[in-house]
Amino acid sequence: MKKIAIFASGSGSNAENIAHYFEKNENLNIECIYSNKADAFVLERAKRYSIPTLVFNRDDFYKSTNVLESLKGYDVDIVVLAGFLWLIPENLIRNFTIINIHPALLPSYGGKGMYGNKVHEAVVANKETESGITIHFVNEKYDEGQTIFQAICEILPSDTADDVASKVHALEYEHFPRVIDRLLFGS
Ligand code: GRF
């Protein structure tokens, strides 16, 4: 049995999509969904799938071992960041394989402050002809860990940031669970 944990700060549509993808897979369990926001919609989504949740604050995350101990308690194989906005502390990086999804083609449009619609607005402002997703290992710097997978979508001159977001979300939903599946089971 493989065990994963998901970290999310917001809506959690990717977290739910991953939960849905693995719902009937008896070889994988989502042990817990972690969030730094007590009112994040991802926590509602977790309830739908009866996944335990843990909300933590900055001190828990950066000045205590609470989150580390919780993850160790669940004995997770990997930690999946799905729209989680805080930098991951070194104690977690040292102890777990952590992966993230970024809504652009890294190394472009990454780094601190480059998240959510800011990414898509920058892509449109620069008149890019393509964008996409990057799934990568997480290290101690924002968006700089080794790339695992990328997928590309075409951007039309008429596309707004919201249009780009829709295209990118579609790629995320299609590929993120499959990449996790491959990483854990080699399928
Ligand atoms: C996604 O676009 C993901 O790439 C980024 O944050 C967004 C999260 O969306 N890291 P959701 O919370 O999964 O709906």
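Indexing begins at 1, ligand by ligand and atom by atom, following the structure's order.
Side-chain atoms of Phe7 and Leu71, non-hydrogen and from C-beta on, do get closer than 4.5 Å to each other. Looking at heavy atoms from C-beta onward, Val164 lies out of side-chain contact with Lys167 at the 4.5 angstrom threshold.
Under a 4.0 Å heavy-atom criterion, Gly116 is not in contact with ligand 1. Ligand 1 does not have Glu16 within reach: every non-hydrogen atom of the residue lies 4.0 Å or more from it.
Counting atoms of ligand 1 from 1 in the listed order, those under 4.0 Å from a heavy atom of Ser11 are 12 (O), 14 (O). Close contacts of ligand 1 with Gly12, meaning ligand atoms under 4.0 Å from a residue heavy atom, involve 11 (P), 12 (O), 13 (O), 14 (O). Within ligand 1, counting atoms from 1 as listed, the ones closer than 4.0 Å to a heavy atom of His169 are 2 (O), 9 (O), 14 (O).
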Salt bridge (charged side-chain N to carboxylate O under 4.0 Å, His left out) for Glu44 and Lys47? Distances and angles first, verdict last.
CA-CA 5 Å; Glu44 296 302 315; Lys47 274 190 211 150; 3.3 Å; yes
Trace of the salt bridge (charged side-chain N to carboxylate O under 4.0 Å, His left out) decision for Asp143 with Lys112:
CA-CA 8 Å; Asp143 302 324; Lys112 190 166 166 51; over 6 Å; no
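With no hydrogens or angles considered, a side-chain donor-acceptor pair links Ser11 and Arg45 at under 3.5 Å.
One option in Glu172, His102, Arg45 has a heavy atom closer to atom 4 (O) of ligand 1 than any other, and that option is Glu172. When the heavy-atom distances from atom 11 (P) of ligand 1 to Pro103, Gly83, Ser9, Ser13 are ranked, the shortest goes to Ser13.
Of the protein's non-hydrogen atoms, the one nearest atom 10 (N) of ligand 1 is Ile101 O, 3.0 Å.
Note on Ile4: it does not cluster hydrophobically with Leu92, by side-chain heavy-atom contacts below 4.5 Å among ILVMFWY residues.
On a distance-only criterion, Tyr173 and ligand 1 share no N/O pair closer than 3.5 Å. The shortest N or O to N or O distance between Gly10 and ligand 1 is not below 3.5 Å.
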Compile the donor-acceptor pairs under 3.5 Å between side chains in residues 123-131 and protein atoms, sequence neighbours left out, one pair per line.
{"residue": "Asn126", "atom": "ND2", "partner": "Tyr109", "partner atom": "OH", "Å": "2.8"}
{"residue": "Glu128", "atom": "OE2", "partner": "Tyr109", "partner atom": "OH", "Å": "2.5"}

